[in-house]
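Here the structure is laid out as structure tokens; the discussion comes afterwards.
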Amino acid sequence: MTVNVRYFALLRDQRGLESESFESNSATVGDLVAHLAQTHQFSLPPSRIRTAVNGEFADDDQVLVDGDTIVLIPPVAGG
Amino acid sequence: MTVNVRYFALLRDQRGLESESFESNSATVGDLVAHLAQTHQFSLPPSRIRTAVNGEFADDDQVLVDGDTIVLIPPVAGG
Amino acid sequence: MFKLASEPIVSTTLNQEGAGGFVTFEGKVRNQAEGRPVNRLEYEAYVELAESEGRKLVQEAIEKFSLISAEVIHRIGVLELGETAVLIQVASPHRREAFAGCEWIIDQLKVRVPIWKKEHFADGDSVWVVPSEENKV
Amino acid sequence: MFKLASEPIVSTTLNQEGAGGFVTFEGKVRNQAEGRPVNRLEYEAYVELAESEGRKLVQEAIEKFSLISAEVIHRIGVLELGETAVLIQVASPHRREAFAGCEWIIDQLKVRVPIWKKEHFADGDSVWVVPSEENKV
């Protein structure tokens, strides 16, 4: 299936791009994050990366569906 | 001895004047307040009336001196 | 800074070097008191002692909460609905101290500073507010 | 109201019918972070989710603290020293709820709303701030 991934802040810098689409065989959001963290050597452990799928916060065990847009959210620091 | 007394807010209304000077034989500030509260039928018990003598907060047992200016302070309600 | 003002209070923005957290409290005249319609308020102060006690408590707040600055302006005289009766502005390096310091100042002001409030009700009655006895320093 | 703004924030005074206590928090850009001189900050947001999560938390605050109103504006983009990064204005009938509600909003904003901060240090280095792991919801 095809997934679209968006990166913000620290993770965008470490990935070197803002978004990408690719074929994935990750079953869940958590699997995808673990895969990306390892592939791109993120400085953050997957446990510290939250996600949104199609515009809503998601849990790690959410099952991925073809065409999903997954946003990787590093620890927030507003205010 | 002569004392000068100033009244504020509720106590000024109940006394009917802002300040007065008179001869007093009250030994302490507390005695004077008790005397005034009774004489003028204040709606507040003396225990709820604070005082300042010559511009500083005073305790009930402060000894009065000829020429003192005593300010009667009803419960404050700023803010 | 502690000031009594007989003209309307205009709030300004503090900008203190090194300060990150700014907390402002404004107390305004409400249209009712315990459910009874109010037309206006009247504040009276024992000016000399209100100013010295006010300055003292501001200084205490600065030390107690490590504030960079704290400023208080309290209106006296007659205030219409919606007017600001008291403005407290506090700056500190971090937000916790700014919130705690600002709230401490208004709490202390209400029990320590010789200022009195008269409520003028819509029905023509007017009453000096006497806080219940628990509200002590 | 929750708004992201890429232009400087101008604080206005709320005046809500029936409100007596108004508490404002302003977070401004400090000239240092943990002792290290800072030249400017940069804020980035995942705009869609920051706005929906921000509106949600403002609504939660209004209900939790019985506020009459609560408004939040957060800057994004590059901010110079002394500029306001976040402005929170809360109105309630009484002051306790206004203080508690305002502080709750900034606490929640810092852990829930997808906004990130990059510190640009005086020595030319720049770093995305990653709060320590205890700072959770």
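Here is how names work: the chains are called A, B, and so on, in the same order as the sequence lines, proteins then strands, and each is numbered from 1. As the structure is a prediction and not an experimental result, all values here were calculated from the model.
Partners of Trp128(D) by side-chain hydrogen bond (donor to acceptor under 3.5 Å, both in side chains), not counting sequence neighbours, listed by chain and number: Asp13(A). Shown here are the side chain to side chain contact (heavy atoms under 4.5 Å, CB included) partners of Ala85(D), two or more places apart in sequence or in another chain: Tyr43(D), Leu79(D). Every side chain to side chain contact (heavy atoms under 4.5 Å, CB included) that His120(D) has, sequence neighbours left out, goes to Arg40(D), Glu42(D), Lys118(D), Ser126(D).
Taking the six-membered ring for Trp and the full ring otherwise, the centers of Phe25(C) and Phe99(D) sit less than 6.0 Å from each other.
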Given the rule in the side-chain contact (heavy atoms from CB on, under 4.5 Å) test, do Val23(D) and Val23(C) qualify, once you have shown the distances and angles that lead to the verdict?
-> CA-CA 7 Å; Val23(D) 172; Val23(C) 173; 4.1 Å; yes

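Between the side chain of Arg30(D) and the backbone N or O of Ala19(C) there is no donor-acceptor pair closer than 3.5 Å.
Considering only heavy-atom pairs separated by less than 4.5 Å from chain D, the leading option among Ala98(C), Gly27(C), Pro93(C) is Pro93(C).
Arg96(D) contributes atom CZ, which lies 4.0 Å from atom CG of Asp107(C) (distance to the nearest 0.5 angstrom). One finds the OG1 atom of Thr24(C) at 9.0 Å from the CG atom of Leu87(D) (value rounded to the nearest 0.5 Å).
Heavy-atom proximity under 4.5 angstrom to chain D picks out nothing from residues 46-58 of chain C.
Remark: Glu103(C) does not engage Arg95(D) in a salt bridge, criterion side-chain N to carboxylate O under 4.0 Å.
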